[in-house]
S.K.: 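Submitted below is the structure of interest, expressed as structure tokens.
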Amino acid sequence: PIYLSGCRSLLVLHGPTYCSRLWCVLEIFIFVAMGGAPGQVEVLPLRGLGGGRAQCGLGGGLARFRLSEASCSLPSDRTRMLAVIECSFGDEVPFNQMVQ
């Protein structure tokens, strides 16, 4: 959070799995919660292996976000992030609503 609080903008390199990855969603959430405006988030879609752009849009992907379905590469990262979210929001429902 300390690095994000000092940023004037946030660059998101958005691919098909972006909205299902807890680290990614949490970084956007923290940026906005620390005073960044949604308009300061620049989204660049990544191109797929076939040269096409990522299929899911950031806004649409976040509108369908469910914390219970979000993944992390390391189970220990997920456990720590869920503990922080639980301490801040009580459970996943208000967090989901804020992200959406």
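All values below come from the heavy atoms of this structure, side chains included, with hydrogens, waters and symmetry mates left out.
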S.K.: For Cys7 versus Phe31, what's the shortest heavy-atom pair and its separation?
M.R.: O-CE1, 3.8 Å
S.K.: With sequence neighbours excluded, tell me which residues meet side chain to side chain contact (heavy atoms under 4.5 Å, CB included) with Ile30.
M.R.: Pro1, Leu4, Leu26, Met34
S.K.: Working to the nearest 0.5 Å, report the span between OG of Ser88 and CZ of Phe29.
M.R.: 7.5 Å
S.K.: Take Leu11 and Leu44, measure what side-chain contact (heavy atoms from CB on, under 4.5 Å) needs, and give me the verdict at the end.
M.R.: CA-CA 8 Å; Leu11 175 62; Leu44 296 179; 3.7 Å; yes
S.K.: Could you go through residues 92-100 and list every donor-acceptor pair under 3.5 Å that involves a side-chain atom there, pairing it with any protein atom two or more places apart or in another chain?
M.R.:
{"residue": "Glu92", "atom": "OE2", "partner": "Asn96", "partner atom": "ND2", "Å": "3.3"}
{"residue": "Asn96", "atom": "OD1", "partner": "Leu67", "partner atom": "N", "Å": "2.8"}
{"residue": "Asn96", "atom": "ND2", "partner": "Glu92", "partner atom": "O", "Å": "3.4"}
{"residue": "Gln100", "atom": "NE2", "partner": "Phe65", "partner atom": "O", "Å": "2.8"}

S.K.: Any side-chain heavy atom of Val41 within less than 4.5 Å of one from Val43?
M.R.: yes
S.K.: Keeping to residues at least two apart or across chains, list the side chain to side chain donor-acceptor pair (under 3.5 Å) pairs with something in residues 30-43.
M.R.: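 Qualifying pairs, neighbours excluded: none.
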S.K.: Side chains of residues 78-85: which donor-acceptor partners sit under 3.5 Å, not counting sequence neighbours?
M.R.:
{"residue": "Arg78", "atom": "NH1", "partner": "Ala70", "partner atom": "O", "Å": "2.5"}
{"residue": "Thr79", "atom": "OG1", "partner": "Pro75", "partner atom": "O", "Å": "3.0"}
{"residue": "Arg80", "atom": "NH2", "partner": "Asp77", "partner atom": "OD1", "Å": "2.5"}

S.K.: I need the Cys72 SG to Arg21 CZ distance, nearest 0.5 Å.
M.R.: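 One gets 9.5 Å once the value is rounded to the nearest 0.5 Å.
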